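First comes the structure, then the notes that go with it.
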Protein chains: 2
Amino acid sequence: MKASISDHILASAGALFYREGIRAVGIDRIIEETKVAKATLYRHFPSKDHLVAAYLHDRHERVIRSLEEVLNEVPRPRDQLNLIFERLHEKADSPEFRGCAFALAVAEHGDSERVVTVARAHKAAVSRMFGALMERAGVETAQPAAHLSLLYEGALATVAVGRDPQAVLTARECALFVFDAARP
Amino acid sequence: MKASISDHILASAGALFYREGIRAVGIDRIIEETKVAKATLYRHFPSKDHLVAAYLHDRHERVIRSLEEVLNEVPRPRDQLNLIFERLHEKADSPEFRGCAFALAVAEHGDSERVVTVARAHKAAVSRMFGALMERAGVETAQPAAHLSLLYEGALATVAVGRDPQAVLTARECALFVFDAARP
DNA sequence: CAAGAGAAAGACAGGTCATTCCATTTGGGG
DNA sequence: CCCCAAATGGAATGACCTGTCTTTCTCTTG
């Protein structure tokens, strides 16, 4: 079970895309990094746009999986919420953190159907996760979950520009407050 | 009192940058749109990076001025807060709205000192505005104002990807809730 | 009128971009 | 061992990028 070439390309290209931006990273740069021939790359991904979409899809799966693992660590919804922001804070407290990969991708390729579709699907999945969390806490209305999503997005966007992970802790505080207030 | 050439260039370039993205708009495109010679553009802005920074600075002044006008429309802090999100909702409810210009710019040019500096200054100014609003409401602690900033950022980021202005109304609801809860 | 400044138009340099194609080598399954 | 598909290195494509520079033209001001 060795890593396929696709996975290898995706790993390298993904890291470059996130770190330096999608438009800033050319195909030449990717084939240099992966030590893969150009024709090979184009055999696996028919265009750069496809590669970008695959990168986002990969990222989507990782983030969702990571969130699910967090949910499995503690049973109580409130602790889960707390831990979600805690983990985000850890990630944000790193110089290579640049914010939400999907927001960055849409900023660069907001006219690419492929890119926007994956990005929206990811945001919807995260929203559903917050919705399910609130349901488990016995909250029926959808609004509190939407507030949590907004705070999560706000934390990501704020850190992306300001680079101060403190914003995530502030968001956590507000999220817990919203959670407690929505509790039946 | 005719508009200076700098202003003319800034207006056209700014519209293009926001609509299509900074990297997607080349110098040739700008001089074609403005009907200005390339040398003229470079006389007024020594590099594209300078032009981008000027675009953001211009945008910064407009947004802050627009916010101040909103604050002057109604006297009560709570109504001001409500109106801020109301106006954002109006803007978001338009096909050409692409989210926060500063977040978009940092996504594309996060390595440009000039760009990041202007973007951070803008975010700081908005934060101060929320801080002053809460102070006028008699709230001394800084946290509630930070929560409002996060919700504002979250609304912008969410609309940027999802394109659903409803998110702004949801953010307003949460913001008013936070405001009322922080009230002495 | 003269002179000089600024602007227009566009050629040019030196890269980089994504993408295609080709000739050659490699590696694994029958 | 042989064959074929896949991978390789690299050249070629045509478009676009920022930034410089030259030449011509049109003002304004003395």
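All values reported here derive from a predicted model rather than from experimental measurement. Naming: A, B, ... by sequence-line order, numbering from 1 per chain.
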| field | B/Phe17 CZ - D/dT18 C1' separation (whole Å) | value | 12 Å
| task | Flag yes if more than 12 heavy atoms outside A/Arg62 fall under 6.0 Å of its CZ atom; otherwise flag no. | result | no
| message | Looking at every non-hydrogen atom in both residues, tell me the closest pair between A/Arg98 and B/Val106 and how far apart they are. | response | NH2-O, 3.9 Å
| note | From CD1 of B/Ile5 across to P of C/dA5 the rounded distance in Å is 17 Å
| remark: Rounded to whole Å, NE2 of B/His50 lies from C1' of D/dT18 at a distance of 14 Å
| task | Carefully, step by step, assess B/Phe85 and B/Tyr152 under the rule ring pair (Phe, Tyr, Trp, His ring centres under 6.0 Å). | result | CA-CA 8 Å; B/Phe85 280 92; B/Tyr152 193 75; 5.8 Å; yes
| task | Just compare D/dT8, C/dA9, D/dT18 and give me whichever is closest to any side-chain atom of B/Lys48. | result | D/dT18
| query | Roughly how many Å is it from CZ in B/Arg29 to C1' in C/dG10, rounded to a whole number? | reply | 19 Å
| request: Figure out the NE2/C1' separation between B/His8 and C/dA8, and round it to whole Å. | output: 13 Å
| Centroid-centroid under 6.0 Å between A/Phe179 and A/Phe130 rings | no
| Is there a donor-acceptor contact under 3.5 Å linking the side chains of B/His50 and B/Arg114? | yes
| query | Between A/Arg23 and A/Pro46, which has a closest nucleotide on DNA chain C that is more 5'? | reply | A/Arg23
| query | Rounded to whole angstroms, how far apart are CD1 on B/Ile22 and C1' on D/dC17? | reply | 15 Å
| request: In whole angstrom, give the distance that lies between atom CG of B/Leu41 and atom P of D/dC21. | output: 16 Å
| field | Protein-nucleotide distance (B/Glu108, atom CD; D/dC17, atom P), rounded to Å | value | 13 Å
| request: Kindly say if B/Arg43 contacts the phosphate of C/dA7, meaning a side-chain N or O under 4.0 Å from OP1 or OP2. | output: yes
| query | Among C/dA8, D/dT18, C/dT19, which nucleotide sits nearest the side chain of B/Tyr42? | reply | D/dT18
| query | Ignoring hydrogens and angles, are the base of D/dG19 and the side chain of B/Lys38 linked by a donor-acceptor pair under 3.5 Å? | reply | yes
| query | So which nucleotide from D/dT18, D/dT8, C/dA7 ends up closest to the side chain of B/Asp28? | reply | D/dT18
| task | May I ask you to verify if any side-chain N or O of A/His44 is less than 4.0 angstrom from the OP1 or OP2 atom of D/dA7? | result | yes
